[in-house]
Asks: 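A single structure is presented below for examination.
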Amino acid sequence: MNLDALPRLALGHLPTPLEPLPRLGAAIGVPRLLVKRDDCTGLATGGNKTRKLEYLLAEARHEEADTIITAGALQSNHVRQTVAACARLGLGAEVVLVDRVDGVDRDYRRSGNRFLDHLLGAVVHEVPGDTPADQAMADVADAVRRRGGAPYIVPVGGSNALGALGYVRCALELRRQAEDRGVRIDHLVTATSSGGTQAGLVAGLAGSEARVHGMTVDRPRAEQESVVDALVEGIAERLGASLPLGAADVRVDDAYLGEGYGIPSQPMVQAVELAARLEGLLVDPVYGGKALAGLVDRARQGAFDPEESVVFLHTGGTASLFAYLGAFGGAALSQVT
Ligand SMILES: *Cc1c(COP(=O)(O)O)cnc(C)c1O
């Protein structure tokens, strides 16, 4: 796989660390539990979209775009990382924020990533929850063109085959790190939503023993599997490689989605508290928290052999914790005198 042949901008602090989680591992019966710290990619509180943007914004540069357009939920980590990258590269950023999560409060509407988008200087278009993001982005691009600008659209989540190459790279980086310390990765657990992260990992780990478990935080299992499958195919096409994949290599678990995207669940709250209190590790409530809830629960059900190593991919997103104070008993904080 020759990933280096494609243009890429250096935006992230890479490689990210691979660290043991001994206290959390002991608590859930997974003695060989590790975390791949993609929350430490460095871009305005970091996260997994940075690796995708290294490829996507290289293409935008190549096309001589001056304004980047993307979309996501009000608390999108993807949008915040895109806006931060634009600030660094001197590009304009116009973003569509879809008000798609029901029952949210004032913190959700103002704090966390929403505040950071504002601080980082984005032009923000907030649209109702039923707005198709692709159409809204195309409309913004038309407006940019009409005023003489050169727009480039980054898809939701940075998930097309080009963006997903960032996670093929991550998989290769992880394989090297594991090899250097004589660890065999048996299981890799990640949140999955727009699908590029899981697809890239599946492609990059093809032919190894590692099984990638995508914990969906967005769509039900069958739908999510077809999203990821299509991206894996796109990656293979881009790389002009046939990947040594079996049909079973894309695995999605939807048992921890709860009531839906962005809606807190009790297992999520408990998993986030566990990581915070046993490891000093901050995990986000929308993605990593639900994925970790899945890892914890599957571990307690005996899904992992004690001899096996399990890697939790920390995809970032901790800025959105501040948009979810209510889910973590934040109301009680205001009682403190
Ligand atoms: C976007 C995101 C994910 C999901 O990655 P996809 O490539 O969209 O599936 C997981 N965790 C966090 C924190 C994210 O922001």
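Excluded from the calculations below are hydrogen atoms, water molecules and symmetry mates; all remaining heavy atoms, backbone and side chain alike, are included. Whatever order the structure lists them in is the order used to number ligands and atoms, beginning at 1.
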Asks: Using a strict threshold of under 4.0 Å (side-chain N to carboxylate O), is an ion pair present between Glu225 and Arg221?
Replies: yes

Asks: State plainly whether the residues Asp4 and Arg169 are in salt-bridge range, i.e. N to O under 4.0 Å.
Replies: yes

Asks: What are the two closest heavy atoms between Arg88 and Leu43, and how far apart are they?
Replies: NH1-CD1, 3.7 Å

Asks: Which value, rounded to the nearest 0.5 Å, describes the distance between Asp105 atom CG and Leu325 atom CG?
Replies: 8.0 Å

Asks: List, by chain and then residue number, the residues other than Met137 in its hydrophobic cluster (Ile/Leu/Val/Met/Phe/Trp/Tyr, side-chain heavy atoms under 4.5 Å); write none if there are no others.
Replies: Ile69, Val96, Val98, Val127, Val140, Val144, Ile153, Val156

Asks: Does Arg51 pair with Glu173 as a salt bridge, N-O distance under 4.0 Å?
Replies: yes

Asks: Could you pull out every N or O of ligand 1 that sits under 3.5 Å from a protein N or O, with the distance for each pair?
Replies:
| unit_1 | atom_1 | unit_2 | atom_2 | d |
| --- | --- | --- | --- | --- |
| ligand 1 | 5 (O) | Asn48 | ND2 | 3.1 |
| ligand 1 | 5 (O) | Thr197 | OG1 | 3.3 |
| ligand 1 | 7 (O) | Lys52 | NZ | 2.6 |
| ligand 1 | 7 (O) | Gly196 | N | 3.4 |
| ligand 1 | 7 (O) | Thr197 | N | 2.9 |
| ligand 1 | 7 (O) | Thr197 | OG1 | 2.6 |
| ligand 1 | 8 (O) | Ser194 | N | 2.9 |
| ligand 1 | 8 (O) | Ser194 | OG | 2.5 |
| ligand 1 | 9 (O) | Ser193 | N | 2.7 |
| ligand 1 | 9 (O) | Ser194 | N | 3.2 |
| ligand 1 | 9 (O) | Gly195 | N | 2.9 |
| ligand 1 | 11 (N) | Thr315 | OG1 | 2.6 |
| ligand 1 | 15 (O) | Lys49 | NZ | 2.9 |
| ligand 1 | 15 (O) | Asn77 | ND2 | 3.0 |

